K.L.:
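Next up is a structure, given as structure tokens.
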Amino acid sequence: MIDMEDCTFVIFGATGNLSEVKLIPALYGLESAGRLPSGLKIVGFGRREWSDEIWRDKVRSWLGERAGDAEVLERFCQRLFFFRGDLGEESVYPALHDYLLGSGQFSPNLIFYMAIRPADFGVVSRQLGEVGLNREDGGWRRLVIEKPFGYDLESAESLNKRLARDFHERQIFRIDHYLGKGTVQNVLVFRFANLMLEPLWNRNYIDHVQITHSESLGVGGRAGYYDGAGALRDMIQSHLLQLLTLVAMEPPASLDAESLRDEKVKVLRSIRPIPQSAVNAQAFRAQYASGVVDGKKLPGYLEEPDVPKHSVTETYAALKLFIDNWRWRNIPFYLRTGKRMAKSNSMVAIRFKHPPQQLFRETQIEQLKPNWILLNLQPNECIRMEMQVKQQGLELRAETTRLDATYCGINQSQLDAYEALLLDVIEGDHSLFLRYDEVSWAWKVVDPILKVWAMERDFIHTYPSGSWGPPEADRLFVRQSQRWRNTLEDEDP
Ligand code: BG6
């Protein structure tokens, strides 16, 4: 632990969906795990005419059955306070300043959590700066923001300039909740705590890498946000590129936040830029059509509530990237994500090359399958190696055996990703948060694709709901022998 000082957790947008669905449950989870500092208080900032008591009642009803222990729930509710204000009104901020720092009721270590529209990030940070709530006199100040960090490179740049006017980079925590997932962090342990992997972890032995996040759910009630974003921005620019950096990075000088982030940035900077003329060869997009899942007909994206009639927003995106450095040159990294796919699963699949000699050509082993390492992130956390062994019996036949290098299954007692990240904010540990240069380089990778897709708005491929996506995406593969690995169970064909 770095430090566990008392602090005041101010939530802008306290009455909204993010607060209800993610933030409050995560803070409650930390409470019940006994991980919150005793003097931590939570101030909800919102427009509603709520008193502390009404806000506490709301939180009780949000938590519902999740809050199994009445004593823990009451302890948690006693931490809650409500400050009424409209974040667009300048006059609110001096009052907020006095409320937080003038009453002696709250710790002067302040966390400002932006559970609000990204368009308001800059507005709030400016006003906090205006009244001096950014200045670290008598306590620290931290600003937490959620993706999307901009809409493209240009808007990310301008958002960053606005935040940087009032907050130092070391005060800003950009959350990518994927980085809080246990197996994501395990990628680093797996790679750098096991000597036997390092000699193999490069272009000499690895054929290609696949990073897949598939979801069986559709866009649900989020079309308002999603239709303007699409799968490439929503998942690939952020979560999947972060995963790629962990799989591909060099060992950092140490595990401190800056060393880690320096190495991640080096990977992003080494990704071969995609010229606009190559976008169609390196990226593929599609949209889910209706389909039958478990005997039930599900609507296509265009039939979902609030989706514009002729939308060509992609709900599926696949990308082929090359990292031009000594370790990875010419090894394809395939990144893929989709909504309403056959199953929800997230996995990094690393395929090794075939052995150089066809030693078994004259035997019953007609075609030797390559080795794979599968790092499954969810729903099961699992690291698995697939190797070839001889089948029992007199004949020389091979079969795939699977070595589970870690645990499979879901560990309920662990902190979830969100909880782990909130704890890091409270402790001031930046390791799992994005530095601005990471965000900016990730936008540089996808920007040419976004530009071309924004111009080509007359057609988009579709895939049936409940499928593994459009077969046309196979055209990204550089060799015929390459195939998508969808889940742990699904074998190399
Ligand atoms: C979010 C995206 O960042 O990540 C969602 O906006 C996506 O569209 C989600 O569903 C996936 O994360 P998880 O942790 O729910 O698998």
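Counting begins at 1 with the first residue of the sequence. Whatever order the structure lists them in is the order used to number ligands and atoms, beginning at 1. As the structure is a computational prediction, the values presented were derived from the model and not from experiment.
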K.L.:
With sequence neighbours left out, what residues match Gln210 under side chain to side chain donor-acceptor pair (under 3.5 Å)?
P.N.:
His208
K.L.:
Give the residues near ligand 1 by chain and number, with the criterion being a heavy-atom distance under 4.0 Å.
P.N.:
Lys147, His177, Lys181, His213, Glu215, Arg222, Asp234, Met235, His239, Lys339, Gln378
K.L.:
Between the side chains of Glu146 and Tyr113, does any donor sit under 3.5 Å from an acceptor?
P.N.:
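Present: a donor and an acceptor within the cut-off.
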K.L.:
Do other residues, nucleotides or ligands put more than 12 heavy atoms under 6.0 Å from Arg327 CZ?
P.N.:
yes
K.L.:
The criterion is salt bridge (Lys or Arg N to Asp or Glu O under 4.0 Å); which residues satisfy it with Asp207, sequence neighbours excluded?
P.N.:
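Scan of Asp207 (salt bridge (Lys or Arg N to Asp or Glu O under 4.0 Å), adjacent residues dropped) gives Arg351, Arg479.
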K.L.:
Using a distance-only test with no angle check, is there a side-chain donor-acceptor pair under 3.5 angstrom linking Asn280 and Arg475?
P.N.:
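Per modelled atom types, Asn280 and Arg475 side chains form no pair under 3.5 Å.
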K.L.:
Check salt bridge (Lys or Arg N to Asp or Glu O under 4.0 Å) between Lys58 and all other residues, then give those that pass, not counting sequence neighbours.
P.N.:
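In terms of salt bridge (Lys or Arg N to Asp or Glu O under 4.0 Å), with neighbours along the sequence ignored, Lys58 is linked to no residue.
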